[in-house]
Amino acid sequence: MIFPRTFTRPVPGVVAALAATCALAACTAQPGGTGGNASGDTAGTSAAASSTEPAAMTPEAYRSALAAARRPAGTALAAIVKARTFKSLHQRIGRAESALESAVARLGALRPPGDVAPEHADYVAALRALNGRLGALDEDVSSHALCNGTAVLAKLGTSGDFKSFRASADDLAKAGDYPVVPLKPPARHTRRLGNGTVLLSAIRGGRGALTVKNGGSHDGVVTLVRGGRKAVSVYVRKGANAKLANVKDGTYRVYFTTGADYDRGARAFTRDCGFSKFDDPLRFRTVYSAGRVSWDNWTLTLNTVFGGNASTSDVDPDAFPV
């Protein structure tokens with residue numbers, strides 16, 4: 001692009017007036033000094049401001065700060081697997097979230113040694129994301145997609161947030177033997193028992209029999225309760241039938257739970273769990289008459305069938321007989 005060129009002849013007195021104006025501005029910009037001194041004072045103020053910024057921590061001080069944040073977070077995460085009810089599981093997840101949130105706030109305010117500043121930033125960001133993932137897993141507990149603490153931490157261990165946390169924690173730890181939050185999630189399992197496995201046989205010795213048909217999409221456990229006491233429990237695989245013989249006379253309430261990955265030690269499914277009961281009790285009775293003996297046999301179907309005459313209701317999982 002071509003710009004037009006303009007030639008201007010200086011007008012006497014104009015230049016002097018401009019110069020005088022500039023000089024006046026320089027003098028009044030900083031009272032009590034010249035323009036040069038004003039510029040120097042500004043630089044001094046900037047230098048003073050920069051000198052008030054906190055210095056980077058020493059490796060020893062930084063290590064102590066990491067350890068102080070590590071202990072409560074690690075303890076709260078490890079406690080999740082010890083929950084024995086859904087209520088306590090929600091509480092323990094909440095405590096772990098609070099501990100991680102506190103760790104993020106505490107570590108985020110630090111100025112780490114300069115040589116680990118990038119690793120520190122990644123570690124804090126990973127802790128924040130891990131905390132968010134815990135919140136999502138707590139919702140899975142509410143929907144019964146996850147049913148105990150082991151399942152919660154196993155699911156956490158398969159997430160991208162945990163992988164990012166593990167990578168950033170390893171990088172920071174290796175950079176200076178720095179303590180990071182310990183977290184080693186358990187493996188994810190899909191455990192099943194053999195069809196017809198009797199899990200409990202506290203009241204037996206009668207003539208009656210119970211056949212359970214499981215046409216649902218998950219394995220199940222059927223439990224008979226007599227009075228306030230569990231009498232017998234049997235495991236029924238999906239798509240299979242199981243027969244329980246020698247049921248003693250009496251009136252029984254029938255509970256059943258379904259799900260995936262049966263933890264025999266906890267006597268519960270760890271994922272996709274459901275808890276129900278049949279609304280009407282079963283009565284087993286043996287009758288001796290005229291040299292004849294008759295008794296009751298029952299058949300229950302866990303899935304909905306056309307023409308079925310047994311209604312069921314959901315049960316609070318924390319009130320379920322285990």
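As a basis for the values below, the full set of heavy atoms in this structure was taken, side chains included, without hydrogen atoms, waters or symmetry mates.
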N148 side-chain N/O to V152 backbone N/O, donor-acceptor pair under 3.5 Å:
no
As a quick check of understanding, evaluate side-chain contact (heavy atoms from CB on, under 4.5 Å) for L183 and L156, giving each step before the final call.
CA-CA 10 Å; L183 179 58; L156 179 64; 3.9 Å; yes
Can you name the salt bridge (Lys or Arg N to Asp or Glu O under 4.0 Å) partners of D122, sequence neighbours left out?
none
The test is side-chain contact (heavy atoms from CB on, under 4.5 Å); show your working for V234 and V221 and say whether it passes.
CA-CA 6 Å; V234 61; V221 173; over 6 Å; no
Do the side chains of L77 and V81 join up, straight or via other hydrophobic residues, at under 4.5 Å, putting them in one cluster?
yes
Would a single hydrophobic cluster contain both Y262 and L302, if residues Ile, Leu, Val, Met, Phe, Trp and Tyr are joined by side-chain heavy-atom contacts under 4.5 Å?
no
Side-chain ion pair, D318 and K87, N-O less than 4.0 Å
no
Can you tell me if Y62 and H120 form a side-chain donor-acceptor pair at under 3.5 Å?
yes
Linked, directly or transitively: V141 and L134 (ILVMFWY side chains, under 4.5 Å)
yes
Is the closest side-chain heavy-atom distance between P185 and F162 below 4.5 Å?
yes
Going by atom types alone, do S98 and R95 pair a side-chain donor with an acceptor below 3.5 Å?
no
Salt bridge (Lys or Arg N to Asp or Glu O under 4.0 Å) assessment of D261 paired with R191
CA-CA 4 Å; D261 182 40; R191 294 162 289 188; 2.8 Å; yes
Can you tell me which residue pairs pass the salt bridge (Lys or Arg N to Asp or Glu O under 4.0 Å) test with a partner in residues 205-222, sequence neighbours excluded?
R192-D219
Between R166 and D170, does any side-chain N to carboxylate O distance fall below 4.0 Å?
yes
